[in-house]
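To start, the structure under review is shown below, and the notes come after it.
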Amino acid sequence: MAEHVWIGDLREHVGKDVEVRGWRNHLRSSGKLHFLEVRDGTGTVQAVVFKGSVTPETFEKAGTIAQEATVTVRGTVSENPKKPGVFELQAKEVELYAAPAREYPISPKEHGVDFLMDNRHLWLRSSRQNAILKVRATIVRAVRDFFDGRGFTLVDAPIFTPNACEGTSTLFETDYHGDKAYLTQSGQLYMEAAAAAVGKAYCFGPTFRAEKSKTRRHLAEFWMVEPEVAFMDLEGDMKLAEDFLAFIAQRVLETRGEELKILERDTSKLEKVIAPFPRITYHEAIQILQENGHPEAKVGDDFGGDEETVISNKFDRPVIVHRYPMELKAFYFKKDPANPSLALNMDVLAPEGYGEIIGGGQREDDLDTLVRAIEHHKLPMEAFEWYLDLRRYGSFPHAGFGLGIERTVAWTCGLHHVRETIPFARMLNRLSP
RNA sequence: UCCGGAGUAGCUCAAUGGCAGAGCAAUCGGCUGUUAACCGAUGGGUUGAAGGUUCGAGCCCUUCCUCCGGAGCCA
């Protein structure tokens with residue numbers, strides 16, 4: 001009885017009889033020969049069905065197997081005579097497990113985005129989407145390995161929150177047993193509490209934004225990792241961020257070369273992602289804009305997608321932009337002692353126009369200053385009493401950041417749009433499948 | 001919410017205001033080394049919806065719907 005082998009492991013079974021189970025990708029016939037391409041999620045293999053090597057019934061059946069039918073093929077593993085290093089299966093038996101109930105909608109030719117997104121549950125089977133799923137999984141694993149390996153404790157933040165934490169984003173409102181509750185836009189405030197408990201904390205989970213954003217960089221539901229470290233300042237935060245991104249890039253390069261090849265990613269761009277990253281101030285960024293086609297840029301402006309691209313294109317690796325004007329930033333950032341109009345914050349802009357993938361900074365740890373900031377932003381003080389407690393009971397300098405997983409995956413894979421980086425995207429006009 | 005673009009066969013797209021088409025997919029046939037195979041044949045349409053102009057509308061006009069790209073907002 002032939003052993004069931006995953007296609008990805010076939011090279012270890014050359015010359016042996018094995019059984020492969022999967023879905024029909026392609027079928028090419030030439031009279032007395034069928035080339036049956038089977039996919040099982042770990043790879044694809046071409047099964048060669050020669051009329052003289054199988055029963056007449058098997059040969060006829062093999063020639064009629066529809067796209068995405070589930071099949072079992074038993075045969076001998078051999079090297080492709082035309083492609084050294086590529087292995088195929090000399091079929092002896094072919095069994096149909098399940099024929100498609102109807103014609104498979106995704107044909108080998110090109111399709112429009114909307115059609116593919118409507119069929120996302122099937123589109124995931126394609127080699128490109130398969131490669132993206134695997135890179136995403138690798139990045140998620142790298143995120144955990146990085147922080148776990150540096151003594152961080154994973155502290156899960158809640159999804160339901162009682163109020164609009166930062167007051168800067170539009171949130172999804174839900175009914176919580178008669179009260180209003182909101183889907184979280186960030187776990188950061190909770191991580192500040194966690195940092196006082198475990199020193200180095202991080203959370204990693206879904207995050208929700210209800211803004212009606214319609215761009216290649218936005219999702220309504222996305223995943224964010226947010227480390228927060230006690231007794232760390234902005235300098236340490238920037239160091240952590242660049243070590244973190246370099247770690248992720250290296251991990252993907254080391255373990256997902258095949259997938260990056262399928263995605264036709266220029267890996268030389270990723271190989272340059274080594275710490276330290278260039279660091280510029282917000283004011284230097286404005287100057288770069290003024291000198292590169294945005295003469296209207298002035299201090300006080302925030303950066304849009306175009307501006308981020310202009311800045312990031314000046315560098316061959318991610319660039320850190322730090323010390324933005326306080327009025328552009330959330331209430332919780334610490335003011336720069338050297339210039340109180342500036343925040344001790346930083347954004348990391350990914351290369352090649354992928355935009356902001358990290359935002360963070362040092363938090364305000366002075367109770368009175370924080371109270372004034374909450375008043376200045378006209379936020380409900382009572383909702384932040386627990387947060388202010390963190391300054392009342394042993395305040396401590398601390399910093400952290402948030403990294404958007406989807407933008408990181410899009411950048412790593414060289415994708416045009418974040419909708420392909422998450423298995424089932426939630427967007428302004430998309431809630432299904 | 002605003003600006004721009006698009007909606008025609010299952011899919012991707014053609015069609016001067018004058019017979020609604022092609023490629024792929026599907027079905028049938030041919031071929032012993034194919035790689036989005038190739039060759040031949042067959043079936044496949046409420047042209048997003050409603051109204052209007054016209055002898056005649058896929059095409060022009062009005063309204064609406066859906067999607068795409070961007071802006072704003074944001075990660």
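Just so we're on the same page: letters track the sequence lines, and every chain starts at 1.
- The aromatic ring centres of A:Phe384 and A:Tyr332 sit 6.0 Å or more apart.
- Atom P of nucleotide B:G72 and atom CZ of A:Phe303 are separated by 13 Å, given to the nearest angstrom.
- Protein atom CZ of A:Arg430 is 11 Å distant from nucleotide atom P of B:G69, rounded to whole Å.
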Under-3.5 Å N/O pairs linking protein and nucleotides 30-33 of chain B:
residue : atom : partner : partner atom : Å
B:C31   : N3   : A:Ser29 : O            : 3.3
B:U32   : OP2  : A:Lys32 : N            : 3.4
B:G33   : O3'  : A:Lys82 : NZ           : 2.8
B:G33   : N1   : A:Glu88 : OE2          : 3.0
B:G33   : N2   : A:Glu88 : OE1          : 2.7
B:G33   : N2   : A:Glu88 : OE2          : 3.1

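- Distance noted for atom C1' between B:U66 and B:U47: 16 Å (whole Å).
- A distance of about 34 Å separates the C1' atoms of B:C24 and B:C64, rounded to the whole Å.
- Heavy-atom neighbours of A:Tyr176 OH from other residues, nucleotides or ligands within 6.0 Å: at or below the threshold of 12.
- Note: CD (A:Gln188) to C1' (B:C74) measures 15 Å, nearest angstrom.
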Using the 3.5 Å cut-off, write out each protein N or O paired with an N or O of nucleotides 20-28 of chain B and the distance between them.
residue : atom : partner  : partner atom : Å
B:A25   : O2'  : A:Glu103 : OE2          : 2.6

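- When the C1' atom is used for both B:A37 and B:C31, the distance is 11 Å, rounded to whole Å.
- Every residue meeting the side chain to side chain contact (heavy atoms under 4.5 Å, CB included) condition with A:Glu375, not counting sequence neighbours, appears here in chain and number order: A:Val371, A:Arg372, A:Met381.
- A donor atom on one side chain and an acceptor atom on the other are found under 3.5 Å apart for A:Glu226 and A:Ser186.
- Applying the side-chain hydrogen bond (donor to acceptor under 3.5 Å, both in side chains) criterion to A:Glu68, with sequence neighbours excluded, gives A:Arg39, A:Arg125.
- Where A:Leu27 and A:Met427 each meet RNA chain B at their nearest nucleotide, the meeting point lying more 5' is that of A:Leu27.
- If you measure from atom CG of A:Asp118 to atom P of B:C67, you get 9 Å, rounded to the nearest angstrom.
- Heavy atoms of other residues, nucleotides or ligands lying less than 6.0 angstrom from CD of A:Glu258 number 12 at most.
- Between the P atom of B:C13 and the CZ atom of A:Phe115 lies a distance of 12 Å, rounded to the nearest Å.
- When each of B:C74, B:G72, B:G69 is scored by its nearest atom to the side-chain atoms of A:Arg216, the top-ranked nucleotide is B:G69.
- Between the side chains of A:Asp148 and A:Tyr202, at least one donor N or O lies within less than 3.5 Å of an accepting N or O.
- For B:A20 and B:C59, the C1' atoms lie 12 Å apart once the distance is rounded to whole Å.
- Residues that satisfy the side-chain hydrogen bond (donor to acceptor under 3.5 Å, both in side chains) test with A:Ser29, not counting sequence neighbours, are A:His34.
- Counting to the nearest Å, the C1' atom of B:G10 and the CG atom of A:Asp114 are 15 Å from each other.
- Rounded to whole Å, the separation between the P atoms of B:C11 and B:A26 comes to 15 Å.
- If you check every strand for non-hydrogen atoms under 4.0 Å, A:His26 touches sugar and phosphate atoms only.
- In terms of the side-chain hydrogen bond (donor to acceptor under 3.5 Å, both in side chains) criterion, residue partners of A:Glu420 (sequence neighbours excluded) are, by chain and number, A:Gln129.
- Applying the 4.0 Å criterion to OP1 and OP2 of B:A36, one finds that A:Arg128 has every side-chain N and O outside that range.
- Taking atom CG on A:Leu89 and atom P on B:U35, their separation rounds to 20 Å, with Å as the unit.
- When the P atom is used for both B:G30 and B:C67, the distance is 47 Å, rounded to whole Å.
- Contacts of A:Phe401 classified as ring pair (Phe, Tyr, Trp, His ring centres under 6.0 Å), with partners at least two apart in sequence or in another chain: A:Phe244.
- Computed from coordinates, the A:Lys212 NZ to B:G70 C1' distance equals 18 Å when rounded to whole Å.
- The gap from the P atom of B:A15 to that of B:G29 amounts to 37 Å, rounded to the nearest Å.
- With respect to A:Glu406 and A:Arg136, a salt bridge is recorded, a charged nitrogen being found less than 4.0 Å from a carboxylate O.
- Across all strands shown, A:Leu403 has no heavy atoms under 4.0 Å from either base or sugar-phosphate atoms.
- At a non-hydrogen distance threshold of 4.0 Å, A:Glu356 from residues 349-364 of chain A come into contact with RNA chain B.
- For A:Glu356, there are no side-chain hydrogen bond (donor to acceptor under 3.5 Å, both in side chains) partners at least two apart in sequence or on another chain.
- For A:Lys214, whose side chain is taken as the heavy atoms from C-beta onward, the closest listed nucleotide among B:G69, B:U12, B:A37 is B:G69.
- Aromatic rings of A:Phe303 and A:Tyr282 (six-membered ring for Trp) have centroids within the 6.0 Å cut-off, being under it.
- Between A:His417 and the phosphate of B:G69, there is a side-chain N or O to OP1/OP2 separation shorter than 4.0 Å.
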Next on the checklist: Reading 5' to 3' and counting Watson-Crick or G-U wobble pairs with both distances under 3.5 Å, write the dot-bracket notation for RNA chain B, | for bases paired outside the strand.
Outcome noted: (((((((..((((....[..)))).(((((.......))))).....(((((..]....))))))))))))....
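- Between A:Trp123 and A:Phe115, the gap from one ring centroid to the other reaches at least 6.0 Å.
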Donor-acceptor list for residues 45-52 of chain A side chains, cut-off 3.5 Å, not counting sequence neighbours:
residue : atom : partner : partner atom : Å
A:Gln46 : OE1  : A:Arg28 : NH2          : 3.1
A:Gln46 : NE2  : A:Glu88 : OE1          : 3.2

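- Partners of A:Tyr387 under the ring pair (Phe, Tyr, Trp, His ring centres under 6.0 Å) rule, at least two apart in sequence or in another chain, do not exist in this structure.
- Taking side-chain N and O atoms only, A:His218 has no distance below 4.0 Å to OP1 or OP2 of B:C73.
- Spacing between B:G17 and B:G58 at atom C1', rounded to whole Å, works out to 11 Å.
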